[in-house]
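Report on one structure; see the data block that follows.
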Amino acid sequence: MADRTAVKLNSSQPHFLQFNDLACEAVGGKVVFATDEWFAPAENLLKRGPPEFLASAFTEFGKWMDGWETRRKRIPGHDWCIVQLGVPGVIHGFDVDTSYFTGNYPPSISVQAACLDELSLPSLFLEGDRTGMAASESQFEAVSQLHSENWGELISVTELKPGYADSSHNYFSVTFPHRVTHIRLNMYPDGGIARLRVYGVGQRDWSTASSQEEMDLVAMVNGGVCVGYSDAHFGHPRNMIGLGRADNMADGWETARRLDRPKVLKVDEKGILQVPGFEWAVFRLGHLGVISSVEIDTNHFKGNFPDSCKIEASCLTSEEEKTFISCKWNNSKGPRWRNLLPPQKLKPHYRHFYSSDSVLQCGPVTHVRLLIAPDGGVSRLRLWGHPVVNNSANLG
């Protein structure tokens, strides 16, 4: 079967966009404090979908905006908010999206971060529609216990670009090799931001995990991450390792239709289409482990599910992974893959479960490659198994 080389990110898009959005509302991210939310509430920052603009939409407080927008400040200070990550982890980059905020975006921002003990946190929560509101004195007193002004700095004070189509994505690559649970977004002095994307890799405490405990080794909450793919025309592969079942097709991985499909399709004796090409996505597991069962969920993909799939596995060091990423996981220069799940015929809108009668024993592995033929969409990938402790190949 013909492999397709990895797609190339737009030259203006950094590599960290392949990672998971640790702050998205879909994975449990939430705003726990905001100084001001007069025109639009801070919770909008974490919406999964792209920002919208409705020219004729107004509220009693002013123009409706799909983002966080504060009033024009007429008192000392600047506006800021605290975001609790849905999945704590190591942050690799940010997208501060100012879409549609063209005459009302903040001139500059900074970002700070901390890893907090949940049991020692003060009571912080925002409920209901916060439009037209500002933080109360009691909320300021509670948040002051976090001493967030002293948190580590991930982005120093930096100017933003306006929310026009060609300038709205303000990308920031960061080097902060520490686990983060909360971030503080500072606006100087006020204004509006449409979305805040916090790209990184989840990090759990594996010291408490038993080698006898079965868990989803590729789940984003356990540190799984996509490190390469061939095509993501309609949906990114990272969606497959998200929480729960998919909300819709946009919450899964979907490729474009391959143009090398035969003009007349044929199947083999197992009913699997005979096609020359396939699409693929590579994932690093959250921890070195032995995989014993697999779930492939095509939920919502009814007329665009893949005909078949298979899964391969490998055990790589960090340096080997870097080398294979640099060569785009090219087959001739890539790792030695071992069969984990032989080719399987798939059904539309269906949860497929495979256990010991189908899943082959590969031993401890760090990476997997899901291949679908010829193309289509998969909503969730679950790889159930047992973590293996104390091995130099572990990348978790």
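Side chains are part of it too, since the values below use all heavy atoms of this structure and drop only hydrogens, waters and symmetry mates. What you see is a predicted model; the values in this text were computed from it and never measured.
A donor-acceptor pair under 3.5 Å is absent between the side-chain atoms of Asn44 and the main chain of Lys47, judged by distance alone. With hydrogens and angles ignored, the 3.5 Å screen pairs no side-chain donor or acceptor of Glu320 with any backbone N or O of Pro335. In this structure, Trp337 contributes its side chain and Val368 its backbone to no donor-acceptor pair below 3.5 Å. Under the 3.5 Å distance criterion, the side-chain polar atoms of Ser167 are matched with a main-chain donor or acceptor of Pro162. At distances below 3.5 Å, at least one donor-acceptor pair connects side-chain atoms of Thr323 with backbone N or O atoms of Glu319. In terms of modelled atom types and a separation under 3.5 Å, the side chain of Thr255 and the main chain of His233 share no donor-acceptor contact. In terms of modelled atom types and a separation under 3.5 Å, the side chain of Arg380 and the main chain of Thr298 share no donor-acceptor contact. Side chain of Asn104 to backbone of Gly191: no donor-acceptor contact under 3.5 angstrom is found. Proximity of a side-chain donor or acceptor of Asn222 to a complementary backbone N or O of Asp216 within less than 3.5 Å is detected. No donor-acceptor pair closer than 3.5 Å links the side chain of Ser308 to the backbone N or O of Pro343.
For the residue pair Val365 and Ala313, the shortest heavy atom distance occurs at CG1-CB, 3.8 Å. Here the closest heavy-atom approach between residue Gln344 and residue Ser358 is recorded as NE2-CB, 4.4 Å. The two residues Val290 and Pro364 come nearest to each other via the heavy atoms CG2-N, 3.8 Å. Of all heavy-atom pairs between Arg369 and Leu371, the closest is O-CD1, 3.5 Å. Taking all atoms of both residues into account, the shortest heavy-atom contact from Phe283 to Pro237 is CZ-O, 3.5 Å. Of all non-hydrogen atoms in Leu196 and Ile183, the two that sit nearest each other are CD2-CD1, 3.6 Å.
Residues Val359 and Ile311 have side chains not in contact (no heavy-atom distance under 4.5 Å, counting atoms from C-beta outward). Between Cys115 and His178 the shortest side-chain heavy-atom distance does not fall below 4.5 Å. You'll find the side chain of Phe278 stays beyond 4.5 Å of the side chain of Pro374, heavy atoms only. Under the 4.5 Å side-chain criterion, counting only non-hydrogen atoms from C-beta, Cys315 is in contact with Leu288. In this structure, the side chains of Val27 and Val87 come closer than 4.5 Å at one or more pairs of heavy atoms.
Not counting sequence neighbours, Arg238 has no partner by the side-chain hydrogen bond (donor to acceptor under 3.5 Å, both in side chains) test. Among residues two or more places apart in sequence or in another chain, the side chain to side chain contact (heavy atoms under 4.5 Å, CB included) test is passed with Asp268 by Lys270, Ile272, Gln274.
In this model, a donor atom of one side chain and an acceptor atom of the other lie less than 3.5 Å apart for His169 and Asp95. Side-chain contact annotation: Ser292 with Glu214, donor-acceptor N/O pair under 3.5 Å present.
Residue Trp384 is not grouped with residue Leu341 when hydrophobic side chains (ILVMFWY) are merged at heavy-atom distances under 4.5 angstrom, including chains of intermediate members. Under a hydrophobic clustering in which Ile, Leu, Val, Met, Phe, Trp and Tyr are joined whenever their side-chain heavy atoms come within less than 4.5 Å, directly or via other members, Met133 and Trp68 fall into different clusters. No continuous path of ILVMFWY side-chain contacts below 4.5 Å connects Leu22 to Val90, so the two sit in separate hydrophobic clusters. Cluster annotation: Leu243 and Ile296 are assigned to the same hydrophobic cluster (Ile/Leu/Val/Met/Phe/Trp/Tyr, side-chain heavy-atom contacts under 4.5 Å, transitive). Residues Phe39 and Leu160 are members of separate hydrophobic clusters, defined by side-chain heavy-atom contacts under 4.5 angstrom among Ile, Leu, Val, Met, Phe, Trp and Tyr.
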Determine, step by step, whether Leu185 and Val111 satisfy the side-chain contact (heavy atoms from CB on, under 4.5 Å) criterion, reporting the C-alpha distance in whole Å, the side-chain angles of both residues, the deciding distance to 0.1 Å, and the verdict.
-> CA-CA 5 Å; Leu185 172 62; Val111 176; 3.9 Å; yes
Chi angles and distances behind the side-chain contact (heavy atoms from CB on, under 4.5 Å) call for Glu279, Val378 | CA-CA 11 Å; Glu279 305 294 355; Val378 175; over 6 Å; no
Between Arg258 and Asp231, is a salt bridge (Lys or Arg N to Asp or Glu O under 4.0 Å) present by the stated rule, with each step listed?
-> CA-CA 10 Å; Arg258 289 187 67 93; Asp231 185 88; over 6 Å; no
Evaluate side-chain contact (heavy atoms from CB on, under 4.5 Å) for Asn20 paired with Tyr199, printing each intermediate quantity in order.
-> CA-CA 5 Å; Asn20 307 311; Tyr199 292 102; over 6 Å; no
Residues Arg261, Asp375; criterion side-chain contact (heavy atoms from CB on, under 4.5 Å); working and verdict | CA-CA 10 Å; Arg261 288 166 293 148; Asp375 48 44; 3.8 Å; yes
Step by step, work out the side chain to side chain donor-acceptor pair (under 3.5 Å) result for Ser355 and Asp357.
-> CA-CA 6 Å; Ser355 53; Asp357 57 337; 3.3 Å; yes
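From Ser123, atom OG reaches atom CD of Gln145 across 10.0 Å, with rounding to the nearest 0.5 Å. Here the OG-CG distance, from Ser379 to Asn239, works out to 10.0 Å after rounding to the nearest 0.5 Å.
Think of Val32 as one node in a network of Ile, Leu, Val, Met, Phe, Trp and Tyr side chains linked at under 4.5 Å; its network also takes in Phe33, Trp80, Ile82, Leu116, Leu121, Leu124, Phe140, Val143, Leu146, Trp151. Cluster partners of Tyr188, using a side-chain heavy-atom cutoff of under 4.5 Å among ILVMFWY residues and allowing indirect links, are Val157. Listed by chain and number, the hydrophobic cluster partners of Leu360 come to none, as no ILVMFWY side chain reaches under 4.5 Å of it. Listed by chain and number, the hydrophobic cluster partners of Phe58 come to none, as no ILVMFWY side chain reaches under 4.5 Å of it.
Applying the ring pair (Phe, Tyr, Trp, His ring centres under 6.0 Å) definition to pairs two or more places apart or across chains, none involves residues 113-138. Each ring pair (Phe, Tyr, Trp, His ring centres under 6.0 Å) pair with one or both residues in residues 241-260, not counting sequence neighbours, would appear here, but there are none. The list of side chain to side chain donor-acceptor pair (under 3.5 Å) pairs with a residue in residues 345-354, not counting sequence neighbours, reads Glu295-Arg351, Asn299-His349, Asp307-Lys345. Among residues at least two apart or in separate chains, salt bridge (Lys or Arg N to Asp or Glu O under 4.0 Å) pairs with a member in residues 172-195 are Asp66-Arg195. Screening residues 90-117 for ring pair (Phe, Tyr, Trp, His ring centres under 6.0 Å) gives Phe19-His92, Phe53-Tyr100 as the qualifying pairs, with residues at least two apart or on separate chains. Under the salt bridge (Lys or Arg N to Asp or Glu O under 4.0 Å) criterion, the residue pairs touching residues 25-42 are Asp36-Arg71, Glu37-Arg130, with sequence neighbours excluded.
If you look at His367 and Phe324, their ring centroids are not closer than 6.0 Å.
Taking the six-membered ring where tryptophan is involved, the planes of Trp38 and Phe61 are perpendicular, since the angle between them exceeds 60° and thus also 30°.
Residue Glu213 places its CD atom among more than 12 non-hydrogen atoms of other residues, nucleotides or ligands, all under 6.0 Å distant. The number of heavy-atom neighbours closer than 6.0 Å to CD of Glu149, taken from other residues, nucleotides and ligands shown, is above 12.
In this structure, Arg204 is positioned above the aromatic face of Trp206, its NZ or CZ under 6.0 Å from the six-membered ring centre and within 45° of the axis.
Ion pairing between a basic and an acidic side chain is recognised when a charged N comes within 4.0 Å of a carboxylate O; Asp97 and Arg197 show no such pairing.
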